[in-house]
Structures are given as structure tokens and as C-alpha cells.
Amino acid sequence: MKKLTKNTNNKYALCSKKVWAIYALITVAIMIVLATFVAQDNEERLFYSLMTAAASYVFRPTDKTISKYVLRLFGVSPPEESDVNE
């Protein structure tokens, strides 16, 4: 029973990392679009790049939001609290 629980926890952790990777790729794509198409000079390119990264860190998703996207994208529910403590 514990082996199944650990396997479920590992699968959830793997899917959670995939969701974070998708979030990071979206952030990088936004940075590239802003720096390439919106910025008019080097100063604005630097500003848009740094501020996009800073804003994505400040407004990063919570664990509840990540759990919701893991369930929606991969169909893996988060482990129960009693399973985490064992």
C-alpha cells in the first residue's frame, strides 16, 4: 500500500514540475514578444525582460492553482495530507 502511495506522490510531483515548466515557457514567450515587438530601444528591451520576469515571480500561482492545473491537464489528483506525512 505504501509503495502505491509513493508512486502516486511521485507521479503528482512529476506532473507538478511539468506545469511549472509550462508556466516558465509561457513567461519566456511573453518576454520575447515584448522585447521583440513592443520595445523600441535597448532600454525598453531590458525593462520589459526584467519586469516580465519579476512580475511572473511576484504573481506566481499558488499550490492550489497548480493542483487544479495538474488535475485538468494530467488527471492526477494531489496526494492526501495523511499520505504525505507517512
Side-chain angles (χ1 to χ4, degrees):
M1 182 72 179
K2 286 189 177 192
K3 188 169 187 138
L4 179 63
T5 302
K6 288 188 179 210
N7 190 19
T8 306
N9 291 347
N10 290 340
K11 188 172 183 180
Y12 176 77
L14 179 66
C15 293
S16 177
K17 289 178 184 179
K18 288 179 183 178
V19 170
W20 277 109
I22 291 169
Y23 179 73
L25 289 174
I26 291 171
T27 302
V28 169
I30 291 172
M31 288 170 67
I32 291 170
V33 167
L34 287 175
T36 304
F37 299 115
V38 178
Q40 296 177 358
D41 59 359
N42 287 337
E43 187 176 320
E44 285 185 357
R45 285 185 185 101
L46 177 67
F47 175 78
Y48 285 135
S49 299
L50 292 177
M51 285 299 110
T52 304
S56 67
Y57 176 74
V58 170
F59 297 114
R60 67 191 177 274
T62 61
D63 289 335
K64 184 178 178 182
T65 307
I66 293 294
S67 297
K68 186 171 48 172
Y69 280 109
V70 166
L71 184 61
R72 183 184 298 169
L73 294 174
F74 301 106
V76 178
S77 59
E80 297 179 15
E81 291 296 322
S82 62
D83 294 341
V84 174
N85 294 333
E86 291 179 355

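Just so you know, these numbers use all the heavy atoms, side chains as well, and skip hydrogens, waters and symmetry mates.
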Return each pair, listed once, that meets ring-ring contact (aromatic ring centres under 6.0 Å, His included) where at least one residue sits in residues 50-80; pairs must be two or more places apart or across chains.
none
With clusters built from Ile, Leu, Val, Met, Phe, Trp and Tyr whose side-chain heavy atoms come within less than 4.5 Å, directly or transitively, what are the remaining members of the cluster of Val33, listed by chain and number?
Phe37
Side-chain donor/acceptor pairs under 3.5 Å, residues 46-54, sequence neighbours excluded:
| residue | atom | partner | partner atom | Å |
| --- | --- | --- | --- | --- |
| Ser49 | OG | Arg45 | O | 2.8 |
| Thr52 | OG1 | Tyr48 | O | 2.5 |

Could you check whether atom CG of Asp41 has more than 12 heavy atoms from other residues, nucleotides or ligands sitting under 6.0 Å from it?
yes
Give me the other members of the hydrophobic cluster that Leu25 sits in, counting Ile, Leu, Val, Met, Phe, Trp and Tyr linked by side-chain heavy atoms under 4.5 Å, directly or via other members.
none
Name all residues meeting the side-chain contact (heavy atoms from CB on, under 4.5 Å) criterion together with Thr62; count only those two or more places apart in sequence or in a different chain, and write none if there are none.
Lys64, Thr65
Trace of the side chain to side chain contact (heavy atoms under 4.5 Å, CB included) decision for Tyr12 with Ser77:
CA-CA 7 Å; Tyr12 176 77; Ser77 59; over 6 Å; no
Among residues at least two apart in sequence or on other chains, which ones pass side-chain contact (heavy atoms from CB on, under 4.5 Å) with Leu14?
Lys18
Test of understanding: clusters of I, L, V, M, F, W, Y form through side-chain heavy atoms closer than 4.5 Å, transitively. Do Leu71 and Ile22 belong to the same one?
no
Clusters formed by hydrophobic residues whose side-chain heavy atoms approach within less than 4.5 Å: which one holds Met31, and what are its other members?
none
When every non-hydrogen atom of Gln40 is compared with those of Glu44, the smallest separation belongs to N-OE1, 2.8 Å
Residues clustering with Val28 (ILVMFWY side chains joined when closer than 4.5 Å, directly or via others)
Ile32
Contacts of Ser16 that satisfy side chain to side chain donor-acceptor pair (under 3.5 Å) - sequence neighbours left out
none
Between CG on residue Leu73 and NZ on residue Lys68, distance to nearest 0.5 Å:
11.5 Å
Who passes ring pair (Phe, Tyr, Trp, His ring centres under 6.0 Å) against Tyr23, sequence neighbours left out?
Trp20
